[in-house]
There are 2 protein chains.
Amino acid sequence: MKRRNTPAQQAILAMLKSSPSALSQDMIEQQLKGEADRVTIYRVLNRFCEDGLTHRIVSDDGKSYFALCKKCEKHHHAHDHFHFRCVHCQKVECLEEEVKASLPAGYSALNVNCWVSGYCAECRV
Amino acid sequence: MKRRNTPAQQAILAMLKSSPSALSQDMIEQQLKGEADRVTIYRVLNRFCEDGLTHRIVSDDGKSYFALCKKCEKHHHAHDHFHFRCVHCQKVECLEEEVKASLPAGYSALNVNCWVSGYCAECRV
DNA sequence: CTCACTAATGCAACAATGTTGCAATAATAA
DNA sequence: TTATTATTGCAACATTGTTGCATTAGTGAG
Ligand SMILES: [Mn+2]
Ligand SMILES: [Mn+2]
Ligand SMILES: [Zn+2]
Ligand SMILES: [Zn+2]
């Protein structure tokens, strides 16, 4: 199934590229102001993940956030870093720190989803 | 506001105490087979968290899981451990391993929500 | 034990996030 | 220019969770 280049995809990819923080569907919808349907945004984001352009991080605020893959190789993706969500400005960031968790014997890890929430430097109290 | 002792609460607390894994609302509802309303289960679980009996862990499967507080002191709760979810048998466990994440300068942490998903020892492939 | 107070429950309705079916639209390649 | 079909928009739906409100039932006082 060959991909096509559409305005919605271009706009969303541009947003992700220019944004310093990861984005959720509702953030994108707001900024697009009706340029694309709610469902289209979800579908575009899912496609980006399938294609290895972005990774999805499921937050404890009940939403999924999407961040560009930066250090991933074409066929080797690794998203085992921590994520940070500022409870004040809602910014979501991929942290440098890698997740290192030792599992009980016999367990094997497929995926990691690690969040720290709190105040970012700008929102510090 | 003084708490009262009701059958629903007793049943849910008993389930949590006897279960080796953390439980979600739907798991509890299934096992209770109509003994308690959906909403009641949610309210009981929230009350348990307020009272420091359990802690809530929000999973990347879109559900909240609830686990008894074991090592927490009355007025000092610490839930900064990893959690594991088996993608095959759905079991959710609190792991021993503590989360240690170093944040960027100026950031402060309020809460931590860390998951590893994969196969547990019983479901190993 | 009886009673009054009100915490807890059940039900209906709602909110938020996300997915699916289907007809219409529009990229793309021939 | 045209045919093919990926992508879109809309409506409907699924899941998880919360809220309002009338009813039920713990609990402590008398
Ligand atoms: Mn990647
Ligand atoms: Mn605790
Ligand atoms: Zn902030
Ligand atoms: Zn398992």
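Quick note on labels: first sequence line is chain A, next is B, and so on, each numbered from 1.
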Peer 1: Out of dT7(D), dT17(C), dT19(C), which nucleotide sits closest to the side chain of Arg56(A)?
Peer 2: dT19(C)
Peer 1: Kindly say if Lys63(A) contacts the phosphate of dT17(C), meaning a side-chain N or O under 4.0 Å from OP1 or OP2.
Peer 2: yes
Peer 1: Just to be sure I understand the rule, does Arg43(A) reach a base, reach only the sugar-phosphate, or reach nothing, if contact means heavy atoms closer than 4.0 Å?
Peer 2: base
Peer 1: Among dG17(D), dT28(C), dA12(C), which nucleotide has an atom closest to any side-chain atom of Arg4(A)?
Peer 2: dT28(C)
Peer 1: Could you check if a side-chain atom of His88(B) sits within less than 4.5 angstrom of a side-chain atom of Cys120(B), using non-hydrogen atoms only?
Peer 2: no
Peer 1: Between dT8(D), dG10(C), dC10(D), which nucleotide has the shortest distance from any of its atoms to the side chain of Thr6(A)?
Peer 2: dT8(D)
Peer 1: Across the strands shown, which category fits Arg38(A) at heavy-atom distances under 4.0 angstrom: base, sugar-phosphate, nothing?
Peer 2: base
Peer 1: Would you classify Ser24(A) as touching base, sugar-phosphate or nothing, given that sugar-phosphate means primed atoms plus P, OP1 and OP2, and contacts are heavy atoms under 4.0 Å?
Peer 2: nothing
Peer 1: Need to verify one output field. Residue with the more 5' nearest nucleotide on DNA chain D, Gln25(B) or Asn5(B)?
Peer 2: Gln25(B)
Peer 1: May I ask you to say what Arg3(B) touches in the nucleic acid, namely base, sugar-phosphate or nothing, with a heavy-atom cut-off under 4.0 Å?
Peer 2: sugar-phosphate
Peer 1: Check the orientation of His83(B) and Trp115(B). Use parallel for under 30°, tilted for 30 to 60°, and perpendicular for over 60°.
Peer 2: tilted
Peer 1: With sugar-phosphate meaning primed atoms plus P, OP1 and OP2, does Asp26(A) contact a base, only sugar-phosphate, or nothing at under 4.0 Å between heavy atoms?
Peer 2: nothing
Peer 1: Find the distance between CD (Glu97(B)) and CG (Leu103(A)) and round it off to the nearest 0.5 Å.
Peer 2: 8.0 Å
Peer 1: Using only side-chain N and O atoms of Ser64(B), determine if any of them is under 4.0 Å from OP1 or OP2 of dG17(D).
Peer 2: yes
Peer 1: Less than 3.5 Å apart, any donor N or O on the side chain of His81(B) or His79(B) sitting next to an acceptor on the other?
Peer 2: no
Peer 1: On DNA chain D, does the nearest nucleotide to Asn46(B) precede the nearest nucleotide to Val44(A) from the 5' side, or the other way round? Give the residue.
Peer 2: Val44(A)
